[in-house]
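A quick write-up on the structure given underneath.
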Amino acid sequence: MKNSFKFASFLLCPLLLLSSCIHYGTIRTSAMEAGVFTGQDTTGMYECTFVVEKITDAEYVKAKEVNVLRETLKGGYYKVAFSAIGNDRRIDYDFVSLVDPFDGSPYAPESYRDANDSWISPKGPSSPTKHTYYGLDIKYDDKEDRLAVILEWVDPSILE
């Protein structure tokens, strides 16, 4: 009886050690969603609009890395457009060479960074009936000015 217990313990220990090394789950759950998204920047000075459109791989290639991205979570290609309107100016920002800075790691949130260190971060809906929202952090002008905004989905029919 003692020997069978020792043998079972001997077999069980490596399995427990191996299972402790496995990380279950992922925090990469927020996929891109096409639509129109609006919100104020964090200073309250700008009304911002972010338009996301699903495109073909041919359209992606034709855009030459300007305002397009290849989604890493579910695949596919998207065209993006951002503008911000304030009291005395308008900012239209072009995202150049958007990439996943975390190389698809399941332990990092879905995010895209461009060549100017501006970020797009889709955030998952809180329920199946809700829409994705986006966090954007944009460097513009002389690259020292930053604009941060959370953008919520809007019904496109209200924009017509």
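This structure is a prediction, so every number in the text was calculated from the model and none was measured. Throughout, residue positions are numbered sequentially from 1 according to the sequence presented.
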Parallel, tilted or perpendicular, as decided by the 30° and 60° cut-offs, for the rings of Phe50 and Phe95: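 The arrangement is perpendicular - the two ring planes meet at more than 60°.
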Decide yes or no on side chain to side chain donor-acceptor pair (under 3.5 Å) for Asp100 and Thr72, but give the supporting numbers first. CA-CA 7 Å; Asp100 175 0; Thr72 55; 3.3 Å; yes
Test side chain to side chain donor-acceptor pair (under 3.5 Å) applied to Ser121 and Ser111, step by step: CA-CA 4 Å; Ser121 299; Ser111 295; 3.2 Å; yes
With a 4.5 Å limit on heavy-atom distance, are the side chains of Glu110 and Glu71 in contact?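 Heavy-atom side-chain distance check passes, below 4.5 Å.
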Is there a side-chain contact between Ile91 and Arg89 in this structure, where contact means two heavy atoms from C-beta onward sitting under 4.5 Å apart?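 Touching, per the 4.5 Å side-chain cut-off.
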When rounded to the nearest 0.5 angstrom, what is the spacing between [atom1] in [X] and [atom2] in [Y]?
X	Y	atom1	atom2	value
Arg113	Trp119	CZ	CH2	5.0 Å
Arg90	Glu47	CZ	CD	12.5 Å
Gln40	Glu152	CD	CD	12.5 Å
Asp94	Ser118	CG	OG	10.5 Å
Ile120	Leu98	CD1	CG	4.5 Å

My understanding is that only residues two or more places apart in sequence, or in another chain, count here; which of them pass side-chain contact (heavy atoms from CB on, under 4.5 Å) with Asp88?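 Checked Asp88 against side-chain contact (heavy atoms from CB on, under 4.5 Å); zero matches.
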To check you understand the geometry: which heavy-atom pair defines the closest contact between [X] and [Y], and what is its length?
X	Y	result
Thr132	Pro122	CG2-CB, 4.0 Å
Glu53	Ala34	CA-CB, 4.3 Å
Cys48	Leu151	O-CD2, 3.7 Å
Met32	Val80	CE-CG1, 4.4 Å
Gly76	Lys54	CA-NZ, 3.8 Å

Arg146 and Ile138: side-chain contact (heavy atoms from CB on, under 4.5 Å), yes or no, with the steps? CA-CA 5 Å; Arg146 292 194 82 87; Ile138 296 175; over 6 Å; no
Among Ile85, Leu147, Asn87, the one residue meeting side chain to side chain contact (heavy atoms under 4.5 Å, CB included) with Tyr46: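 That would be Leu147; it is the only one of Ile85, Leu147, Asn87 passing the side chain to side chain contact (heavy atoms under 4.5 Å, CB included) with Tyr46.
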Taking transitive links into account, so neighbours of neighbours count too, which hydrophobic residues share a cluster with Val68 at under 4.5 Å side-chain distance?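 Its cluster partners, ordered by chain and number, are Ile55, Tyr60, Val61, Tyr77.
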If you apply the rule side-chain contact (heavy atoms from CB on, under 4.5 Å), what do you find for Thr42 with Val149, and how did you get there? CA-CA 6 Å; Thr42 55; Val149 62; over 6 Å; no
Is Leu136 reachable from Val99 through a run of I, L, V, M, F, W or Y residues, each pair having side-chain heavy atoms under 4.5 Å apart?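 Val99 and Leu136: separate clusters.
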Please name all residues satisfying ring-ring contact (aromatic ring centres under 6.0 Å, His included) with Phe82, sequence neighbours left out, ordered by chain then number.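 ring-ring contact (aromatic ring centres under 6.0 Å, His included) list for Phe82, sorted by chain: empty.
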Go through the steps for Phe37 and Val154 under the test side-chain contact (heavy atoms from CB on, under 4.5 Å), then give the verdict. CA-CA 6 Å; Phe37 302 82; Val154 295; over 6 Å; no
Applying side-chain contact (heavy atoms from CB on, under 4.5 Å), run through His131 and Glu33 and close with a yes or a no. CA-CA 8 Å; His131 292 274; Glu33 178 182 1; 2.5 Å; yes
What do you reckon, are the aromatic ring centroids of Tyr93 and Tyr140 less than 6.0 Å apart?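 Not close enough - the centres of the two rings lie 6.0 Å or further apart.
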Any side-chain donor near an acceptor of the partner, Asp41 and Thr43, under 3.5 Å: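 Side chains of Asp41 and Thr43: pair found under 3.5 Å.
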In terms of side-chain geometry, is the basic nitrogen of Asp145 or Lys139 positioned less than 4.0 Å from the acidic oxygen of its partner?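 Between Lys139 and Asp145 there is no salt bridge, as every charged N stays at least 4.0 Å from the carboxylate O atoms.
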Taking the side chain from Asp114 and the backbone from Asn116, do they hold a donor-acceptor pair closer than 3.5 Å?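 Indeed, once roles are kept as given, a pair shorter than 3.5 Å links the two residues.
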